[in-house]
Amino acid sequence: MSCPEARSDVVGRGRKRERDTGIGIALYATMRRDLLLLLRRPSTALNPLAFFALVITLFPIGISPDPALLSAIAPGLLWVAALLAALLSLDGLFRNDVEDGTLEQLLLSSRPLPMLALAKVAVHWLSTGLPLALMAPVLGVMLSLPLGSYGVLALSLALGSATLSLIGAIGAALTAGLPRGGVLLSLLVLPLYVPVLIFGAGAVQAAIAGTGVAAHLALLGALLAVALVFAPWAIAASLRISLNG
Amino acid sequence: MWAFIHKLGSPKGFYAFSVRLSPWFWVAATTLIGGGLVWGLAFAPADYQQGDSFRIIYVHVPAAFLAQSIFVVMALAGLVFMVWRIKLADMAATAMAPLGAGMTFVALLSGAVWGVPTWGTWWQWDARLTSMLLLFFLYIGVIALRSAFDGRDSGSRAASVLTMVGVINIPIIKYSVEWWYTLHQPATFSVTSRPAMPTEMWLPLLIMVLGFYSFFIAVTLTRTRNEILRRESAKRWVRDLVGEGN
């Protein structure tokens, strides 16, 4: 009688130790590492922002500086430019990890790869999606975006860019092992970005027109929920494919 | 039953099966498409509004059907390949992809040609046209991703994942008509309600659709056979078949 108890005690203690270095720690360590890397090399986070501002600058030069015209196309321009900036930053999401062997360590880890991938995507969103969303209203002023839509613009971008990061990470994981994955990545990912763009830009346009914004934001949230459920598994499967060759 | 499925799942078994079956589908495809074309183009009554230009429907609708179904079939094949590691499924998906891309292009092109007499424009940023165009890009992405990998196996698995991810685009295509208010007419065929067209107009269309599906099956069977020969060229039965090594 005492023997099984003792064994269960040992198993229990083993489990406890397992829990101490459990999934929470692994997520924290992955996020901390990625954030530290960002702090050491801030240009990876700043370049997309500069790109965003530059592209927005090009449109008034290329089309017309007329405020009436610009304010009409501003929601779409801001959304497309932010989407391209987020896309641009995706290429490096897993590439460095593949090259320096970090990804192999992540694959060897006993923690579930989808969760670790989710942590990396979360950092990607924190470093590109969120800053883009915060910066968009400033650029909106330059495009004379009508008053009353700035909050919706930032909110829709923050919500939508999280979905963009999740979907884009699948493409980034698929092309991580390829020598020149950049153009291929945009070919794979951009068609999948379209629903987010439709509802994101739609939310801003609805805010300007004064019709219901909630429906668009709810659909953006729904897309994010679906992506949150499915994308981590697809990212993990793609990472395994990229690494095992 | 299981023994049959296992035999079918092996490249050698499928090859023999395909050799026997594909001529029937080729015959069905040629007669159905030929008959449907003659009926639809020459004998079906002209539309009271669109005149003879409506006859583009006999190419446009079957091509659009195939464009969407082939992607779903490819995703199913990808799932079978990823879950059960049946290589044959991936060979079939490889064989289907160019046909799917081609059918999407035919649907887009015939739609553009049809748009000129009816809407007065080659291109309209309508929901279904746009999602069809996106489907075309998805096909190109899958084909490009597969060829970007040096190793065949990783290319196959990457393409399978992308196809399964891309298949979420199919419901968007289907429901985009309801999501946006558009110029495009709603779906031609519906299971629940009677077709709005008179019988002598939609019957040739049905024949054309069946013909296009037979064509799809015939092409897939034949192209998969070529793919088997290409990939299994080191196997003894393939060498025996093509008369090498004797």
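Every heavy atom of this structure was used, including side-chain atoms; hydrogens, water molecules and symmetry mates were not. We name chains A, B, ... by the order of the sequence lines, and we start the count at 1 in each one.
- At a threshold of 4.5 Å between non-hydrogen side-chain atoms, the residues A:L190 and B:L134 do not count as touching.
- Atom OG of B:S147 sits about 8.0 Å away from atom CG of A:L184, to the nearest 0.5 Å.
- The number of heavy atoms from other shown groups lying within 6.0 Å of CZ (A:F230) does not exceed 12.
- Contact of B:M164 with chain A is not made at all, since no heavy-atom distance falls under 4.5 Å.
- In the displayed structure, B:D150 atom CG is contacted under 6.0 Å by at most 12 heavy atoms of other residues, nucleotides or ligands.
- Scanning both residues, B:G166 and A:L192, for their nearest heavy atoms gives CA-CD2, 4.1 Å.
- When side chains are defined from C-beta on, A:T175 counts as touching B:L145, because their heavy atoms get closer than 4.5 Å.
- For B:V161 against A:S238, the heavy-atom pair with the smallest separation is CG1-OG, 3.6 Å.
- Within a 6.0 Å sphere centred on OH of A:Y150, other residues, nucleotides and ligands contribute more than 12 heavy atoms.
- Shown here are the salt bridge (charged side-chain N to carboxylate O under 4.0 Å, His left out) partners of B:K12, two or more places apart in sequence or in another chain: there are none.
- Using a 4.5 Å cut-off between heavy atoms, A:L178 contacts chain B through its side chain alone, with no backbone atom that close.
- Closest heavy-atom contact between B:G141 and A:L188: O-CD2, 3.4 Å.
- Atom-to-atom distance recorded for A:I241:CD1 and B:L162:CG is 10.0 Å, nearest 0.5 angstrom.
- Shown here are the salt bridge (charged side-chain N to carboxylate O under 4.0 Å, His left out) partners of B:R152, two or more places apart in sequence or in another chain: there are none.
- Distance check: A:S186 OG to B:F137 CZ gives 11.5 Å after rounding to the nearest 0.5 Å.
- Between A:A234 and B:V165, the closest heavy-atom pair is CB-CG2, 4.2 Å.
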